[in-house]
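What follows is a single structure, written as structure tokens, with notes after it.
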Amino acid sequence: MSDFHDVLRAAKGTFFSETQKYHSDCQTEVLIDNDECFRAIAEWEKCTGELLVERPDFAPYRFVRFCILSSAEEKSVFFWNDSDETPDEITEKIKAGFRVGLEYSE
């Protein structure tokens, strides 16, 4: 099982690398960035996503939730909660979410 801080570092690093990679297609805002929580918003043309990394008191995820909702329709475009994934697996899921957000907005 991965340590929270390893997951936090991996998720933040992936978020920032993906926003640099897709900077012309995606606007971002970091709402919280500290040792206990990372919360950021990513906006594409037709959808908005929230990446949340924290130690929740009560939630259906272990540390990470990544949700992307359509701004054109009332539907979820991408939704993922971690359960027991490694930092590498979490990185891949965040990258997949960014690809889905971009593809949905094309």
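A 4.5 Å side-chain heavy-atom check between Phe38 and Val30 finds at least one atom pair inside the cut-off. In this structure, the side chains of Lys93 and Asp82 stay at 4.5 Å or more apart for every pair of heavy atoms. By the 4.5 Å heavy-atom criterion applied to side chains, Ser83 and Arg62 are not counted as neighbours. In this structure, the side chains of Thr48 and Ile41 come closer than 4.5 Å at one or more pairs of heavy atoms.
Cys47 and Gly101 get closest at one heavy-atom pair: SG-O, 3.6 Å. The two residues Ala10 and Thr14 have their closest heavy-atom pair at O-OG1, 2.7 Å.
Distance alone, capped at 3.5 Å, is enough to place a donor-acceptor pair between the Ser71 side chain and the Lys46 backbone.
Listed by chain and number, the residues in a side-chain hydrogen bond (donor to acceptor under 3.5 Å, both in side chains) with Thr19 amount to none (sequence neighbours excluded). Taking Asn34 as the reference, Ile32, Glu36, Cys37 meet the side-chain contact (heavy atoms from CB on, under 4.5 Å) condition, with sequence neighbours excluded. Evaluation of the salt bridge (charged side-chain N to carboxylate O under 4.0 Å, His left out) rule for Glu50 yields Arg39, Arg65 as partners, not counting sequence neighbours. Shown here are the side-chain hydrogen bond (donor to acceptor under 3.5 Å, both in side chains) partners of Asn81, two or more places apart in sequence or in another chain: there are none. Every residue was checked against the side-chain hydrogen bond (donor to acceptor under 3.5 Å, both in side chains) condition with Tyr22, not counting sequence neighbours, and none meets it.
More than 12 heavy atoms of other residues, nucleotides or ligands sit less than 6.0 Å from atom CD of Glu89.
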| request: For the pair Glu54 and Phe63, evaluate side chain to side chain contact (heavy atoms under 4.5 Å, CB included) and give the outcome as yes or no after the intermediate values. | output: CA-CA 5 Å; Glu54 66 177 350; Phe63 298 136; over 6 Å; no
| query | Between Lys12 and Asp33, does a salt bridge (Lys or Arg N to Asp or Glu O under 4.0 Å) hold up when you go through it step by step? | reply | CA-CA 9 Å; Lys12 283 172 55 171; Asp33 185 0; 2.6 Å; yes
| request: Show your working on side chain to side chain contact (heavy atoms under 4.5 Å, CB included) between Leu69 and Phe79 and close with a plain yes or no. | output: CA-CA 8 Å; Leu69 302 175; Phe79 191 83; over 6 Å; no
| query | Checking side chain to side chain contact (heavy atoms under 4.5 Å, CB included) for the pair Trp80/Tyr61: CA distance, chi angles, key distance, verdict? | reply | CA-CA 9 Å; Trp80 175 74; Tyr61 55 91; over 6 Å; no
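Rounding to the nearest 0.5 angstrom, the gap separating the CD atom in Glu43 from the CD1 atom in Ile68 is 12.0 Å. To the nearest 0.5 Å, atoms CZ (Arg9) and CD1 (Ile90) are separated by 12.5 Å.
Residues in residues 97-106 take part in no salt bridge (Lys or Arg N to Asp or Glu O under 4.0 Å) pair, two or more places apart or across chains.
Applying side-chain contact (heavy atoms from CB on, under 4.5 Å) to Val64 and the options Leu51, Leu8, Leu52 leaves one that passes, Leu51. No option in Trp44, Phe98, Phe66 other than Phe66 meets the ring-ring contact (aromatic ring centres under 6.0 Å, His included) test with Phe78.
Cluster membership check: Phe4 shares its hydrophobic cluster with Ile94, using side-chain heavy-atom separations under 4.5 Å among Ile, Leu, Val, Met, Phe, Trp and Tyr.
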